[in-house]
Asks: 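Mind looking over this structure? Questions follow.
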Amino acid sequence: MAGPPPPADRIGRHQRLDPVPHRISDHWADRHIRSTDPLSHRVGVGPGKAVVQRHAGAAGSGHDHAVLHPRAGALPTLLQRSRPAPAGRGRPRRPSLRRPPRQRLGGPGLAIPTQRLAEVTAGAIFHDGLGRLIPARAQLAWYPHDLWLHVLACQWQRISQEEAFVGRCGEVDDELGSAVIAARLVRDLMRLCLLMDRRYPPYSKWLGSAFARTPQAAVLTPALSAALTATDWHTREHHLARAYETVAAAHNQLGLTDPVGPTTRTYHSRPFQVLHAERFTAALTARITDQAVRALPLTGTVDQFVDSTDVLSHPAQARVVTRATTSVPQS
């Protein structure tokens, strides 16, 4: 067959963190491998174990032309599904891999769940004969700078909205409610550390494993674990305060904003120790120069304001809720 071989890689939700590598088998091949041969329309047929083994470990064997890639490796499809169809047309435009990310600031970048972005930007690339796969992955490697600031600001905003509730629940003897809120805050801090480290937070199954690879994990893990296991709200608040200050110091080290005071303080006139995380939201927003991004509401990516597997697993639903949310101006 004439022409360059199609690209090949292994992309998927398990390619980085699964402690037990998937056994190469016909089942694995049928589920994860699809041919990109433009002359072949057998998209639903897997290549079988022999082809996978030849591709995975037989460099220089003379079979390099038999290049296949996983279904999730169809990055142009991801880009296309993440862009709404132009007004007045029934079909979406053909995706442009040359379009700079800056032109996608306010829409698709927020509508794609971070789990999907983690899937398509990780994993090995074995071959890119068409020269399309590597540029496509580079385009999705991370958010444009202003959008990154916005996503960070939104994550700090989530923390600011609930950080006082650990103590307020405890004040009325609701230790269970206080513990539930503490767990939510722990998850938000873990996701914040990943975003600060320019890593797409994965879904809940792999969040702890991904967080363990961040620079803050060694210091934060004891404090976060202690906050989760505390049996009274005073102890819970104490460990969370340590965690807040650690993450705040890490923010200042990034140099994205002017330094923000990293120490906790009382919640207005109430006896609760909080960071007042909205100060970090304000500092980050002040550094955003793109007016379209500055006009976005402080809700962030779809998985910062939606916690539904049914929505996040379906691109069309994720786009609908993101468009509905980002179209609401900030008050």
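These numbers come from a predicted model, not from an experiment. Numbers here simply count residues along the sequence, with the first being 1. Only this structure's heavy atoms are used, side chains among them; waters, hydrogens and symmetry mates stay out.
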Asks: Provide the full list of side-chain hydrogen bond (donor to acceptor under 3.5 Å, both in side chains) pairs with a residue in residues 181-194, sequence neighbours left out, each pair given once.
Replies: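 The answer is Q155-D188, R158-D188, E162-R184.
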Asks: What verdict does the side chain to side chain contact (heavy atoms under 4.5 Å, CB included) test give for L149 and D146, after you've listed the backbone C-alpha separation in whole Å, the side-chain angles of each residue and the deciding distance to 0.1 Å?
Replies: CA-CA 5 Å; L149 297 181; D146 276 2; 4.1 Å; yes
Asks: If hydrophobic clusters are built by linking Ile, Leu, Val, Met, Phe, Trp and Tyr wherever their side-chain heavy atoms come under 4.5 Å apart, do F305 and F165 end up in the same one?
Replies: no
Asks: Relative to the ring of Y200, is the ring of Y143 parallel (under 30°), tilted (30 to 60°) or perpendicular (over 60°)?
Replies: perpendicular
Asks: Report the C-alpha distance between E175 and R236 in whole Å, list the side-chain angles of each, state the deciding distance to 0.1 Å, and finish with yes or no for side chain to side chain contact (heavy atoms under 4.5 Å, CB included).
Replies: CA-CA 10 Å; E175 289 291 354; R236 198 173 294 124; 3.0 Å; yes
Asks: Would you say T264 and E245 make side-chain contact, with heavy atoms under 4.5 Å?
Replies: yes
Asks: For D303 and Q115, run side chain to side chain contact (heavy atoms under 4.5 Å, CB included): C-alpha distance rounded to whole Å, both residues' side-chain angles, the deciding distance at 0.1 Å, then the answer.
Replies: CA-CA 9 Å; D303 37 17; Q115 168 64 32; 5.5 Å; no
Asks: With the 4.5 Å side-chain cut-off for hydrophobic clustering, are V302 and V120 part of the same group?
Replies: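 No, V302 and V120 fall in different hydrophobic clusters.
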Asks: Could you walk me through whether L296 and L110 pass side chain to side chain contact (heavy atoms under 4.5 Å, CB included), step by step?
Replies: CA-CA 10 Å; L296 291 170; L110 299 179; 3.8 Å; yes
Asks: May I ask whether V247 and L256 are part of the same hydrophobic cluster, defined by side-chain heavy atoms of I, L, V, M, F, W, Y residues being less than 4.5 angstrom apart, directly or through others?
Replies: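 Same cluster: V247 reaches L256 through Ile, Leu, Val, Met, Phe, Trp or Tyr contacts under 4.5 Å.
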Asks: What about L207 and V151, same hydrophobic cluster or not, with Ile/Leu/Val/Met/Phe/Trp/Tyr joined at side-chain heavy-atom distances under 4.5 Å?
Replies: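 As far as the 4.5 Å side-chain criterion goes, V151 and L207 are connected within one cluster.
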Asks: Find out whether C154 and T301 are in side-chain contact, i.e. whether some heavy atom of one side chain is under 4.5 Å from a heavy atom of the other.
Replies: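 Result no, sub-4.5 Å side-chain heavy-atom pair not found.
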Asks: Report whether F211 and L240 are members of the same hydrophobic cluster (ILVMFWY, side-chain heavy atoms less than 4.5 Å apart, transitive linking).
Replies: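 Yes, F211 and L240 fall within the same hydrophobic cluster.
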Asks: Relative to the ring of H276, is the ring of Y267 parallel (under 30°), tilted (30 to 60°) or perpendicular (over 60°)?
Replies: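 The arrangement is parallel - the two ring planes meet at less than 30°.
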Asks: Output, in order, the C-alpha distance, side-chain angles, deciding distance and verdict of side-chain hydrogen bond (donor to acceptor under 3.5 Å, both in side chains) for H251 and T257.
Replies: CA-CA 8 Å; H251 165 87; T257 69; 2.9 Å; yes
Asks: Please determine if D174 and R168 form a salt bridge, counting it only when a charged side-chain N lies under 4.0 Å from a carboxylate O.
Replies: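 Here D174 does not pair with R168 in a salt bridge, since their nearest N and O are not under 4.0 Å apart.
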Asks: So do the side chains of R242 and V219 get within less than 4.5 Å of each other, counting heavy atoms only?
Replies: no
Asks: With rounding to the nearest 0.5 Å, note down the distance linking CG in L189 to CE in M196.
Replies: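 Atom-to-atom, L189:CG and M196:CE are 10.0 Å apart.
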Asks: Could you check whether atom CG of D307 has more than 12 heavy atoms from other residues, nucleotides or ligands sitting under 6.0 Å from it?
Replies: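 Open: at most 12 neighbouring heavy atoms sit under 6.0 Å from CG of D307.
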Asks: Is any side-chain heavy atom of W156 closer than 4.5 Å to one of L275?
Replies: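 L275 vs W156: side chains touch.
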Asks: Could you grab the distance from atom CZ of R265 to atom CD of Q273, nearest 0.5 Å is fine?
Replies: 9.5 Å
